Amino acid sequence: MDVQIVTHEVRLQKWTDIVKTCRSSGKTIKKWCADNDIDIKRYYYWQRKVYLQTCRELENVQKSIHTTFPCDETPVFAEINLPKNNTGNIAVSIHRDTMQINVYSGADAATVETVFAALRQL
């Protein structure tokens with residue numbers, strides 16, 4: 001395996017752990033970064049890299065399932081029932097305008113597909 005690829009994967013895992021720790025701390029990003037002596041711009045860089053990699057992985061999972069969703073239908077509200085006491089770590093957090101979507105570690109593929117199908121309709 002190429003040394004650059006391994007180095008990138010190791011860094012990405014470290015950044016993922018940092019983002020998960022920050023997100024699960026209950027603090028604002030600004031406060032958490034200050035408390036942990038991390039430059040906030042660097043944190044957002046890491047978060048963006050983790051987000052992009054997660055999106056690539058989710059797209060690959062979606063492609064491997066070969067599921068298609070109709071795009072010409074009018075979007076409707078889709079309720080997703082989650083466990084009442086979610087103790088998992090947030091794997092992906094998507095923010096758009098006033099909307100926030102959190103996908104937790106261990107989420108099943110059908111839930112992830114539903115989230116992305118809804119996002120495509122926006």
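None of these values were measured; they are calculated from a predicted model. The residues of the chain are indexed from 1 along the displayed sequence. All values below were derived from every heavy atom in this structure, side-chain atoms included, with hydrogens, water molecules and symmetry-related copies excluded.
There is no path of hydrophobic side-chain contacts, each under 4.5 Å, that joins Y43 to Y51. Linking ILVMFWY side-chain heavy atoms closer than 4.5 Å, directly or via other members, places L52 and V50 in two distinct hydrophobic clusters. Placement of W32 and Y45 within a single hydrophobic cluster is found when ILVMFWY residues are connected by side-chain heavy-atom separations under 4.5 Å, directly or transitively.
Annotation: the span from K30 atom NZ to D35 atom CG amounts to 12.5 Å, rounded to 0.5 Å. Of the inter-residue distances, the one linking I40 atom CD1 with R42 atom CZ reads 13.0 Å to the nearest 0.5 angstrom.
Not one N or O on the side chain of D2 forms a donor-acceptor pair closer than 3.5 Å with the backbone of I5.
Here the closest non-hydrogen pair linking V92 and I90 is O-CG2, 3.4 Å.
Contact of the I29 side chain with the R23 side chain is registered, since non-hydrogen atoms from C-beta on lie closer than 4.5 Å.
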Acceptor/donor pairs from residues 11-22 side chains to any protein atom, 3.5 angstrom cut, sequence neighbours excluded:
residue: Q13; atom: NE2; partner: D17; partner atom: OD1; Å: 2.9
residue: T16; atom: OG1; partner: L12; partner atom: O; Å: 2.7
residue: T21; atom: OG1; partner: D17; partner atom: O; Å: 2.7

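By the side-chain hydrogen bond (donor to acceptor under 3.5 Å, both in side chains) test, Q53 pairs with R56, E57, sequence neighbours left out.
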